[in-house]
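Hydrogens, waters and symmetry mates play no part in the numbers below; they use all other heavy atoms, side chains included.
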Amino acid sequence: MAKGKNTVFYCKECGYESTKWMGQCPGCRAWNSFTEEPAAPKSTKAGASANRPGLPASVPSSLNEIETGDADRYGTGFGELDRVLGGGIVPGSLLLVGGDPGIGKSTLLLQVCKNLAAAGKKVLYISGEESLRQIKLRANRMGSFTGDLTFLCETSLDVIDGVITQRRPDVVIIDSIQTMYKDEVSSAPGSVSQVRESTNVLLQLAKGYGISIFIVGHVTKEGVVAGPRVLEHMVDTVLYFEGERSASYRILRGVKNRFGSTNEIGVFEMGEEGLAEVLNPSEYMLNGKPEGASGSVVACSMEGTRPILLEIQALVCHTNFNIPRRTAAGTDFNRLNLLLAVLEKRLGMHFSECDAYVNIAGGMRINEPALDLGIMLALVSSYYDREIDEKTIIFGEVGLSGEVRAVTAADQRVSEALKLGFHTCILPRVNLSRLKSPEGMRLIGVGTIRDAIEAAGLRGQR
Ligand SMILES: Nc1ncnc2c1ncn2[C@@H]1O[C@H](COP(=O)(O)OP(=O)(O)OP(=O)(O)O)[C@@H](O)[C@H]1O
Ligand SMILES: [Mg+2]
């Protein structure tokens with residue numbers, strides 16, 4: 001880009017503006033993050049809401065005068081999505097949906113549009129990426145559409161602003177923010193200033209008219225939404241749609257939510273007819289678990305308020321390298337090293353002569369400490385080549401001295417296991433005192449990793 005008076009430099013990470021290039025951003029300390037772009041005209045920066053027709057003048061209000069409108073929350077037709085949103089869509093909110101290319105963002109939002117329109121909402125789907133024909137092709141996969149749902153192929157924010165102001169829909173989808181541009185900003189769509197200005201316009205529309213706007217955002221190689229970080233600050237809710245390319249399930253994760261918890265996840269499965277909710281993820285995750293195999297353990301992780309059973313697989317074999325190999329798929333690599341060190345030190349097992357591989361089957365990524373005990377018993381099971389009873393579930397955090405520490409929501413984990421036909425549960429002794437043993441489930445409380453190995457029937461010679 002030619003250097004001129006009217007160009008400025010923006011930090012790609014945080015949107016920091018500078019008149020000269022800098023190696024390190026003073027705002028967020030990121031290195032080499034400045035790009036040169038034409039300066040945004042000052043007129044677009046703020047105050048546009050004041051000119052919008054039909055908006056009340058700005059008058060200060062007391063808390064008593066303000067209506068929360070919490071009762072106005074409405075469902076999306078997907079229980080999984082509603083839970084991630086904290087109970088449904090809040091009118092006037094701005095939601096950012098990020099995710100890898102082709103993961104199913106447009107599919108999810110089109111299905112949400114379908115459900116909302118069928119529930120009587122006025123919905124406008126604006127695509128800057130696909131033609132109406134392509135949208136129709138996708139819609140054909142999903143069955144029949146009813147209600148007030150309209151589509152628009154447009155990338156100019158000024159035109160979009162006009163259409164929204166005139167039609168006043170309840171919900172708008174913008175697919176995607178990186179394709180939108182504002183005339184006054186001369187840089188290319190997707191640039192820092194364009195993304196920031198476009199989001200600003202959408203923010204004013206959302207807050208001004210009480211329209212809920214879903215914005216699709218592409219993610220960068222590092223897995224964060226492309227564009228300045230300020231984009232995430234400007235919106236009310238940030239959701240990430242993620243999944244393994246090889247697996248058909250997708251996970252929707254809340255990263256930021258001004259109206260609810262960010263612990264919850266929603267699980268979906270991509271199929272012929274679009275996305276379907278996975279109401280019982282545990283059953284889904286345990287599908288295909290091998291019978292009578294050593295190194296396989298069923299553990300339980302809490303994702304928000306929901307327990308999910310999953311299979312941990314470990315493979316321990318003699319190493320052919322000077323430095324033994326360790327691989328952790330779906331869990332934290334450093335945590336695996338730490339757990340191996342505890343086994344080595346506290347139990348005298350010789351993992352330094354072995355390669356160790358751990359995998360969370362199904363492609364889930366979990367970092368919860370409650371999986372520690374499961375990972376360790378899977379390693380020990382593979383080390384001794386002895387299987388653990390397949391109807392046993394295991395959870396507990398393990399400390400550096402080999403003690404098994406309490407975990408949260410033990411009762412929920414136990415009842416989830418009971419629901420799926422498990423009859424034995426190895427859990428922290430501290431949790432046991434506060435649990436009533438449910439019928440059909442044998443609870444074995446353990447205080448140390450040594451007790452746990454005993455309880456799992458793994459004592460033995462290699
Ligand atoms: N007929 C089909 N049956 C099953 N799955 C399909 C079918 N057609 C498309 N898909 C799935 O839908 C995905 C595309 O979804 P979608 O276009 O919603 O993704 P996206 O996240 O919006 O992508 P982009 O980043 O390109 O906008 C494909 O990767 C594929 O997995
Ligand atoms: Mg798309």
Over all heavy atoms of both residues, which pair between [X] and [Y] is shortest? Give the atoms and the distance, please.
X	Y	result
Leu124	Pro169	CB-CG, 4.0 Å
Glu37	Ser191	OE2-CB, 3.1 Å
Gln313	Pro290	NE2-CD, 4.1 Å

* Please list, chain by chain and in numerical order, all residues satisfying side chain to side chain contact (heavy atoms under 4.5 Å, CB included) with Val159, sequence neighbours excluded. => Glu154, Ser156, Val163
* Considering residues at least two apart in sequence or located in another chain, which fulfil the side chain to side chain contact (heavy atoms under 4.5 Å, CB included) criterion with Thr305? -> Arg83, Glu264
* Whether Tyr249 side chain and Met364 backbone form a donor-acceptor pair below 3.5 Å -> yes
* Do Lys122 side-chain atoms and Leu149 backbone N/O form a donor-acceptor pair below 3.5 Å? -> no
* At what distance, to the nearest 0.5 angstrom, does CG of Asp236 lie from OG of Ser93? -> 5.5 Å
* To do: Any chance you could lay out the side-chain hydrogen bond (donor to acceptor under 3.5 Å, both in side chains) test for Glu36 and Tyr10, step after step, and finish with the verdict?
  => CA-CA 6 Å; Glu36 187 177 13; Tyr10 289 108; over 6 Å; no
For [X], ring pair (Phe, Tyr, Trp, His ring centres under 6.0 Å) partners two or more places apart:
X	value
Tyr181	none
Phe351	Tyr383
Phe151	Tyr125

* Should Arg253 and Glu242 count as an ion pair when the cut-off is N to O under 4.0 Å? -> yes
Using a 3.5 Å cut-off and no angle test, enumerate the donor-acceptor pairs between side-chain atoms of residues 21-33 and protein atoms at least two apart in sequence or in another chain.
unit_1 : atom_1 : unit_2 : atom_2 : d
Gln24  : NE2    : Arg29  : O      : 3.2

* To do: Decide whether a cation-pi geometry holds between Arg250 and Phe241; the criteria are a distance under 6.0 Å from NZ or CZ to the six-membered ring centre and an angle within 45° of the ring axis.
  => no
* Quick check, are the ring centers of Phe78 and Phe268 under 6.0 angstrom apart? -> yes
